[in-house]
Novice: 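Okay, handing you the structure first.
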2 protein chains.
Amino acid sequence: MQTSDLRKAGLKATLPRLKILEVLQQNKQDHLSAEDVYRKLLDNEEDIGLATIYRVLSQFEDAGLVIRHHFEDGHALFELEQGPHDHLICVKCGKIEEFFDNEMQQRQRDLANKSGFDLSKHTLVLYGDCQTANCENDTKKDSS
Amino acid sequence: MQTSDLRKAGLKATLPRLKILEVLQQNKQDHLSAEDVYRKLLDNEEDIGLATIYRVLSQFEDAGLVIRHHFEDGHALFELEQGPHDHLICVKCGKIEEFFDNEMQQRQRDLANKSGFDLSKHTLVLYGDCQTANCENDTKKDSS
DNA sequence: CAACTGATGCGAATGATTCACAATCAGGTC
DNA sequence: GACCTGATTGTGAATCATTCGCATCAGTTG
């Protein structure tokens with residue numbers, strides 16, 4: 001029951017919000033665009049307006065429930081907040097992996113401090129060739 | 001004379017391209033949007049179409065002369081390629097500083113390798129409060 | 001300096017995202 | 001459990017950055 005999560009965030013527990021949250025939870029490991037969320041809801045017989053999805057995702061972001069990314073192409077991808085982690089993206093197949101490295105986090109804090117900044121967040125994305133057998137094949141267009 | 005830079009990149013040395021390159025060089029330390037470049041050219045009596053600026057900036061990017069960033073807001077900012085470096089952005093005044101840390105670069109390579117990736121590039125942005133006296137005041141809108 | 005090919009400028013087209021506003025719903029109240 | 005009030009939604013139009021299409025023009029080559 002995620003009604004409580006919404007309440008905690010100061011948001012009314014409306015049906016669209018619950019359904020959107022549900023989609024995000026069912027795709028914890030992915031990075032979804034607003035459009036993706038929209039389509040997954042349609043597949044689920046839930047006809048929620050795109051504008052609502054954008055609105056709700058922004059509210060979730062403000063509430064800290066969701067993280068918004070702008071990888072290469074500039075258009076927004078969302079994922080549930082699941083603690084600090086960074087991304088590794090294959091430039092050939094588009095696969096996105098996540099990783100966490102404490103030492104790196106620490107060094108980032110140190111570098112920020114050295115420049116007089118009080119670090120509040122960061123974005124680190126590593127791009128490379130994943131070198132797996134089924135890379136190219138899997139030229140991730142979509143997963144409809 | 002940067003005509004040679006363009007030739008090397010396989011691009012004809014046309015007036016628009018030379019002028020755009022000039023603007024970038026005069027603003028080495030900044031991060032300009034296509035619109036910014038457009039306006040700076042207008043200020044200089046150079047009336048070059050916005051579409052051309054977008055086209056040329058993309059060509060420069062392909063040629064490795066320019067780097068395209070998508071910081072928070074998702075819209076594109078460009079800067080001259082000046083060797084590897086990362087960014088520190090003040091969340092209050094918007095100031096962008098650059099830094100370089102060899103050890104961090106190394107650790108990134110190691111982490112990518114650990115996941116089987118052959119690292120080709122990366123993006124690291126640290127967000128924080130710059131804590132300088134004239135921070136807020138200087139609420140960087142533009143510098144027209 | 002003529003010819004060939006790529007480059008430009010313009011305005012229209014696109015795609016993601018946001019807005020405006022009337023209709024509807026959630027949550028507290030009696 | 002019906003009511004009230006302000007928050008939320010759906011719709012379609014609006015906006016913003018960016019790209020396209022195409023006729024015209026300019027660099028380069030010989």
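Letters A, B, ... are given to chains in the order of the sequence lines, protein chains preceding strands, and every chain is numbered from 1.
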Novice: Output the rounded distance in Å from CG (B/Asp73) to P (C/dA16).
Specialist: 17 Å
Novice: For the residue pair A/His87 and A/His85, categorise the inter-ring angle as parallel (less than 30°), tilted (30 to 60°) or perpendicular (more than 60°).
Specialist: perpendicular
Novice: In whole Å, what is the span from the CG atom of A/Leu15 to the P atom of D/dG10?
Specialist: 9 Å
Novice: Using a cut-off of less than 4.0 Å, is there contact between a side-chain N or O of B/Thr14 and OP1 or OP2 of C/dT8?
Specialist: yes
Novice: With the side chain of B/Leu11 defined as its heavy atoms from C-beta on, choose the nearest nucleotide among D/dT8, C/dA7, C/dG27.
Specialist: C/dA7
Novice: How close or far is atom C1' of C/dA7 from atom CG of B/Leu6, stated in whole angstroms?
Specialist: 12 Å
Novice: Measure from the side chain of A/Lys12, starting at C-beta and using heavy atoms only, and say which of D/dA7, D/dG10, D/dT18 lies closest.
Specialist: D/dA7
Novice: Compare the minimum distances between each of C/dG27, C/dG9, D/dT9 and the side chain of A/Arg7, then state the nucleotide with the smallest one.
Specialist: C/dG27
Novice: Please tell me which of A/Ser58 and B/Asp47 maps to the more 5' nucleotide of DNA chain C, matching each residue to the nucleotide holding its nearest heavy atom.
Specialist: B/Asp47
Novice: Output the distance between atom CG (A/Leu88) and atom CZ (A/Phe99), rounded to the nearest 0.5 Å.
Specialist: 6.0 Å
Novice: Between A/Arg55 and A/Glu35, name the one whose nearest nucleotide on DNA chain C is closer to the 5' end.
Specialist: A/Glu35
Novice: For the side chain of B/Tyr54, counting heavy atoms from C-beta on, which of D/dG10, D/dT18, D/dT8 is nearest?
Specialist: D/dT18
Novice: Between A/Glu72 and B/Lys121, is there a salt bridge with N-O shorter than 4.0 Å?
Specialist: yes
Novice: A/Leu18 CG to C/dC25 P: how many Å, rounded?
Specialist: 15 Å
Novice: Of the candidate nucleotides C/dT8, D/dT18, C/dA16, which contains the atom at the shortest distance from the side chain of B/Leu50?
Specialist: D/dT18
Novice: Hey, which sits more toward the 5' end of DNA chain D by its nearest nucleotide, B/Ser33 or A/Ile48?
Specialist: A/Ile48
Novice: Whole Å only: how far is the NE2 atom of A/His70 from the P atom of D/dT18?
Specialist: 11 Å
Novice: A/Leu57 has an atom CG; how far is it from atom P of C/dA16, in whole Å?
Specialist: 15 Å
Novice: From the list C/dT18, C/dG9, D/dT9, which nucleotide is the closest neighbour of the side chain of A/Pro16?
Specialist: D/dT9
Novice: Taking for each residue the nucleotide of DNA chain D bearing the nearest heavy atom, is the 5' side occupied by A/Gly10 or by B/Ala34?
Specialist: A/Gly10
Novice: Rounded to whole angstrom units, what separation is found between the NZ atom of B/Lys19 and the P atom of D/dA26?
Specialist: 16 Å
Novice: Going by an N to O cut-off under 4.0 Å, is there a salt bridge joining A/Glu35 and A/Arg39?
Specialist: yes
Novice: Taking atom CG of B/Leu65 and atom CZ of B/Phe78, what is their separation to the nearest 0.5 Å?
Specialist: 13.0 Å
Novice: Figure out the CZ/P separation between B/Arg17 and C/dG6, and round it to whole Å.
Specialist: 11 Å
